[in-house]
Amino acid sequence: MKIDRMIGILSILLQQEKVTAPYLAEKFKVSRRTINRDIDALCMAGIPLVTEPGQNGGISIMEGYKIDRTLFTTQDMQAILAGLRSLDSVSGTNQYQQLMEKLSVGASNLIAGDTHILIDLSSWYKSALSPKIELLHNAILSTKKVSFTYHSPKGESQRTVEPYDLIFQWAGWYLWGWCERREAFRLFKLMRMTELSLGESFEKRAVYLPDLGTKQIFPPQFQVKAKIDPAYKWRLVEEFGPDSFHALPDGMLLFCAEFVDKQSVVGWIASFGGGAELLEPAALRQEVFRFAESICKKHHPLFE
């Protein structure tokens, strides 16, 4: 794209004293005439570029225009590269790595990046996730509606949405868009979407970013207390943090946290097998018992 190339040219000029048009043409795989047009466009944009003919000539930024001729510091470039690599993890391509190379060409000491920070934004289902992200991103850029089947705890539904933003939050990918069925902005989890297809164009409406505060999206309904076997301390630390529990005199862990709904409480307690006892809410203790009983009936021969 022209804008990517012009940014790349400007980055090179900020990092090198002088370059030639043939050098830039080779770097960006375009003709020398295209480079000359880009230089003219940069000048029209207010960047004072100087072209000098001859054997030692070339293109440079007017002396004194920039005191610091480095666009990014080494740490800046490493942080940007780590982020761009993370986007490649879900795009299924290396397009963001290539963009980084354009931005930092001529500064090979910066492009290496911090190899000790590795970010992968994909999921176990990367092969299914990447095409969805690509389709939805194209729909956003082209202002096309998208239709899909949405699978939620309440059942399946057909949705047609005006897409506005792709959001990575809570270790998952979401679409933020205007849902025609609900007549409101909604978040949709990508891994719950199937049978996606592009629809007709739409006129953008005034859009606001969602309040992604955990309590806003997942308002707590139950204050839970439970005794947890210390063998599962690692789970409490991982899922709720070290401040979510404290040790009791008998060695058991007293756990306290807020939960969104009844199913989450029952399922979470049951996931420990005999390693957890729900104390509060007392009304849900019977729900845990019924849940365990239903499992026994399906798996224990005495219930056949």
Roughly how far, to the nearest 0.5 Å, is [atom2] of [Y] from [atom1] of [X]?
X      : Y      : atom1 : atom2 : value
Ser244 : Ile228 : OG    : CD1   : 9.5 Å
Leu236 : His246 : CG    : NE2   : 12.5 Å
Met252 : Lys227 : CE    : NZ    : 5.5 Å
Ile59  : Ile39  : CD1   : CD1   : 4.0 Å
Cys179 : Tyr150 : SG    : OH    : 10.5 Å
Phe291 : Phe289 : CZ    : CZ    : 13.5 Å

Is there side-chain contact between [X] and [Y], with at least one heavy-atom pair below 4.5 Å?
X      : Y      : answer
Trp173 : Leu129 : yes
Met193 : Arg159 : no
Ser60  : Glu52  : yes
Leu13  : Leu49  : yes
Ser142 : Leu198 : no
Leu196 : Leu136 : yes

Check this for me, if you would: do Glu162 and Lys204 make a salt bridge, where the nitrogen-to-carboxylate-oxygen distance has to be below 4.0 angstrom?
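No, Glu162 and Lys204 are not salt-bridged.
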Audit row: Phe188, Phe148, ring pair (Phe, Tyr, Trp, His ring centres under 6.0 Å) steps and yes/no:
CA-CA 11 Å; Phe188 297 94; Phe148 51 87; 5.4 Å; yes
Will you find, in the side chains of [X] and [Y], an N or O donor that is under 3.5 Å from an N or O acceptor?
X      : Y      : value
Gln158 : Thr149 : yes
Ser147 : Thr160 : yes
Thr34  : Arg32  : no

Side-chain (His137) to main-chain (Ile133) donor-acceptor, under 3.5 angstrom
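Here the side-chain-to-backbone pair does not exist.
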Give a yes or no on whether the backbone of Phe202 and the side-chain of Lys144 come within a donor-acceptor separation of less than 3.5 Å.
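It does not hold such a pair.
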same_hphob_cluster(Val224, Leu254) at 4.5 Å side-chain heavy-atom cutoff
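Result: no, two separate clusters.
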Any chain of hydrophobic side-chain contacts (each under 4.5 Å) joining Leu279 to Phe272?
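No; Phe272 is not reachable from Leu279 via cluster members.
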Identify the heavy atoms of [X] and [Y] that sit nearest to each other, and give their distance.
X      : Y      : value
Pro230 : Gly251 : CG-O, 3.5 Å
Gly275 : Tyr232 : CA-CE1, 3.9 Å
Ile269 : Ala226 : CD1-CB, 3.9 Å
Lys18  : Asn56  : NZ-O, 3.3 Å
Lys132 : Leu190 : NZ-O, 2.9 Å
Tyr23  : Ile12  : CE2-CG2, 4.3 Å

Tell me whether Arg33 at atom CZ has more than 12 heavy atoms from other residues, nucleotides or ligands lying less than 6.0 Å away.
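Result for CZ/Arg33: open.
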Tyr164 pairs by ring pair (Phe, Tyr, Trp, His ring centres under 6.0 Å) with which of Phe185, Trp178, Tyr174?
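Checked Phe185, Trp178, Tyr174 against Tyr164; only one passes ring pair (Phe, Tyr, Trp, His ring centres under 6.0 Å): Phe185.
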Could you list all the salt bridge (charged side-chain N to carboxylate O under 4.0 Å, His left out) pairs where at least one residue sits in residues 260-282, not counting sequence neighbours?
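Every salt bridge (charged side-chain N to carboxylate O under 4.0 Å, His left out) pair that includes a residue of residues 260-282, provided the two are not neighbours, is Lys262-Glu287, Glu277-Arg285.
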Pairs involving residues 179-193, ordered by first then second residue, that meet salt bridge (charged side-chain N to carboxylate O under 4.0 Å, His left out) (sequence neighbours left out)
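For residues 179-193: Lys145-Glu180.
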Parallel under 30°, tilted from 30 to 60°, perpendicular over 60°: which one fits the rings of Tyr208 and Trp176?
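Answer is perpendicular, since the angle exceeds 60°.
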Apply ring pair (Phe, Tyr, Trp, His ring centres under 6.0 Å) to the pair Phe255 and Trp268, showing each step before the final yes or no.
CA-CA 12 Å; Phe255 166 81; Trp268 190 76; 4.7 Å; yes
